[in-house]
2 protein chains.
Amino acid sequence: MIIDRNSPVPQYFQLQTWLIEQIEQGVFKTNDKIPTEEELAEITGLARATIRQAVQNLVNMGYLERKRRLGTFVINNEAKSETRTIVGLLVPDIRSGYAPELARGVEDEAAKNKHSLILCDTDDLYVKTEFHVNRLLENSVAGVILMPPAATDEQNQKIVTRFLNNNIPVVLVDRIIPGIEIDYVTTNNFEGGYEITEYLIKKGHRKIGIVLSTLFSTERDRLEGYKKALTDHGIPIDPDIIIADSGPFIQNRYFKYARTLLKKRNDLSAIFAGHDRIALIFYSLAKEMGVSIPGDISIVGYDDLHFTTIPLTTMHQPIYEMGQESMKLIMSRINGEDKGPRDIVLKSHIVERESVDSLV
Amino acid sequence: MIIDRNSPVPQYFQLQTWLIEQIEQGVFKTNDKIPTEEELAEITGLARATIRQAVQNLVNMGYLERKRRLGTFVINNEAKSETRTIVGLLVPDIRSGYAPELARGVEDEAAKNKHSLILCDTDDLYVKTEFHVNRLLENSVAGVILMPPAATDEQNQKIVTRFLNNNIPVVLVDRIIPGIEIDYVTTNNFEGGYEITEYLIKKGHRKIGIVLSTLFSTERDRLEGYKKALTDHGIPIDPDIIIADSGPFIQNRYFKYARTLLKKRNDLSAIFAGHDRIALIFYSLAKEMGVSIPGDISIVGYDDLHFTTIPLTTMHQPIYEMGQESMKLIMSRINGEDKGPRDIVLKSHIVERESVDSLV
DNA sequence: ATAGATTAATTGTATATACAATTATACAAT
DNA sequence: ATTGTATAATTGTATATACAATTAATCTAT
């Protein structure tokens, strides 16, 4: 029996549910005619008005289509299940660092799956990020790929939570937010920091300066890798040549740091720039100060931005792949394929160019 | 009398129409309670079931909200008229040239107005562009900012027409499509080409090579400006030192062109690179060939990408502003503010650095 | 063959009626 | 003060009935 007259759930609703079931199980297929209202009344024992109520709802919901004199028909339910296919990407600034490369990776992977990408620039500011969060929620995106801004962990957690509360999955890229269980895609920054430091050590460098920010998990990890590598090779850690900024990347400030370290160049043989844009500052300043790289001092970077004019030895990060992977991950979440947080850690590798002198 | 019982239009529909009128004219305001079904039955003389049919439709349409025991209420109709606020941006590749700067200008202006931006990379290919067009149409964007791909004029016209047929306004940026009346935002490429050529001439250069592609309106205009400047200064145009590619920007090909021109450096004193990425190739190759810039040969570019390591004298294009202006333009079109095509031509200006030697 | 009229099936519109469920409010009991 | 109970207003669910409108299919006349 289709209808349970003793159930507290309304009979029109029972019929509605039953009809949807039939449609989704393929009993009534696309373009099939379902029984007429009269027939349904007979089958179910309900009045025609009740039948109509149920059918009308399904018409409103896009399952059925009525045709006068012909009957009621099942609508193509493929077309109907038009899933939201827009994903948000939040980066600090599409113009700088590896954001363009990342965005391209994300976009290509999105395109492969007929998804679209809403681009948001946060300028690494919490307020701007919040602003974009509102708009992404308004546009009911299917998922969000977030490079967390330079905000407190609590603020970043709040951002993520707002999406999750709306059943919108979030994937973090590159930077991690401590204290929250969430998917992320990043690279092995600790090992990377270790490797490139070890590379310098093997080239005979023992006095290696480093400049970076501890605001982001990525650079913190690189710093730890750097320290571990020194310790493992019996080199004491010298706080005087570790410059750890605590804020976001501000050019002027880093120019000052670079100047400080370049002035100490007699005590130093190499510098580990926390990322390529810092290395670039060293190059600019070195030129200005008449310091030769790698003649007077060696430099390594991290990222491998596509600098065509300076031969920087650096740690190549698979940024494009990071974009792709985060899109893949968010799509699997959107489709509800996987449960539990999943972390993807991609591997970086050193790209040797001519910014490091060998002392051995 | 609200209901005309002799009208062929159904009475529930008459009631519906009347209710909508009352709401939109402000007789029933947001959060107002409308008469109960019983009262409406009395007022109209219709049966309660008929009243319900009308009211139910308005509930489905988002005008009204029923609350048991309390009555039926008018929903905030501001919130209801949720306008689409997503705009599509089609660029060849978000990673290269000035696309990031442009995207940022567009995005900032969009954000100001609570609009969002869908980013599409076309790789300058018609098929890819078409693919994105489909997705933008599916997502029913409110407008499109298009940098036309390297396709035929007919193909580009087709792309634009598809949007226009769907009442989606289009603004072209930078590149123009001949043969179609459409809004565009660009810079004064002809004058720019003229100016920077004249700049070289005034520095004493008379043998000035040029490399660019004639595929795009921008570079064609620059070439015309170059020719006009030479002619105006009584310098003959030498086809041997004009390299006009007809396709999109392909690095290898331009390396070849650059090599050709650099080999002729005894006959040339300066080169006008059609855009900065071409200039960059000259720098790379010059280094490889041991040619000094500007010692052996002077170079100017066009765009003013943010090269921090090479001191290129170039024509600064207000890319960011172009992005802003195109967003403003598309928004005014979305709001139906202006009729007839409108063209915005921004001015570029020379940025002097150290890639040009003065011969006078 | 074609145009026009008829038929019948089906959904569309409309009414009258009855009882159920929900819940703001008032009132009562603890 | 809190909890429980009753009341009444209103929407929610359900039925029986009737006629209207639409239109595919059939029949009829030319």
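Residue numbering restarts at 1 for every chain, and letters A, B, ... go by the order of the sequence lines.
With sequence neighbours excluded, no residue forms a salt bridge (Lys or Arg N to Asp or Glu O under 4.0 Å) with Glu38(B). The salt bridge (Lys or Arg N to Asp or Glu O under 4.0 Å) check on Glu325(B) picks up Lys328(B), with sequence neighbours excluded. Residues satisfying the side chain to side chain donor-acceptor pair (under 3.5 Å) criterion with Asn134(B), sequence neighbours excluded, are Arg162(B). Residues passing the salt bridge (Lys or Arg N to Asp or Glu O under 4.0 Å) test with Lys112(A) are Glu109(A), sequence neighbours excluded. Annotation: salt bridge (Lys or Arg N to Asp or Glu O under 4.0 Å) contacts of Lys29(A) (sequence neighbours excluded): none.
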Walk along nucleotides 10-16 of chain C from 5' to 3' and tag each nucleotide B, S or - by protein heavy-atom contact under 4.0 Å, base first, then sugar-phosphate.
BBBBSB-
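With rounding to whole Å, Phe73(B) atom CZ is found 12 Å from dA9(D) atom C1'.
The existence of a salt bridge linking Asp121(A) and Arg104(B) is confirmed by a sub-4.0 Å separation between a basic side-chain nitrogen and an acidic carboxylate oxygen.
Within the structure, salt bridge (charged side-chain N to carboxylate O under 4.0 Å, His left out) pairs that include any residue of residues 39-48 of chain B comprise Glu37(B)-Arg48(B) (at least two apart or interchain).
DNA chain C contains the following stems of three or more consecutive Watson-Crick or G-U pairs, with both distances under 3.5 Å: C:1-30 with D:1-30.
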Extract all donor-acceptor atom pairs below 3.5 Å that involve side chains of residues 149-156 of chain A and protein atoms in other chains or at least two apart in sequence.
from, atom 1, to, atom 2, distance (Å)
Thr152(A), OG1, Gln155(A), N, 3.1
Thr152(A), OG1, Gln155(A), OE1, 3.4
Gln155(A), OE1, Thr152(A), N, 3.1
Asn156(A), ND2, Pro149(A), O, 3.3

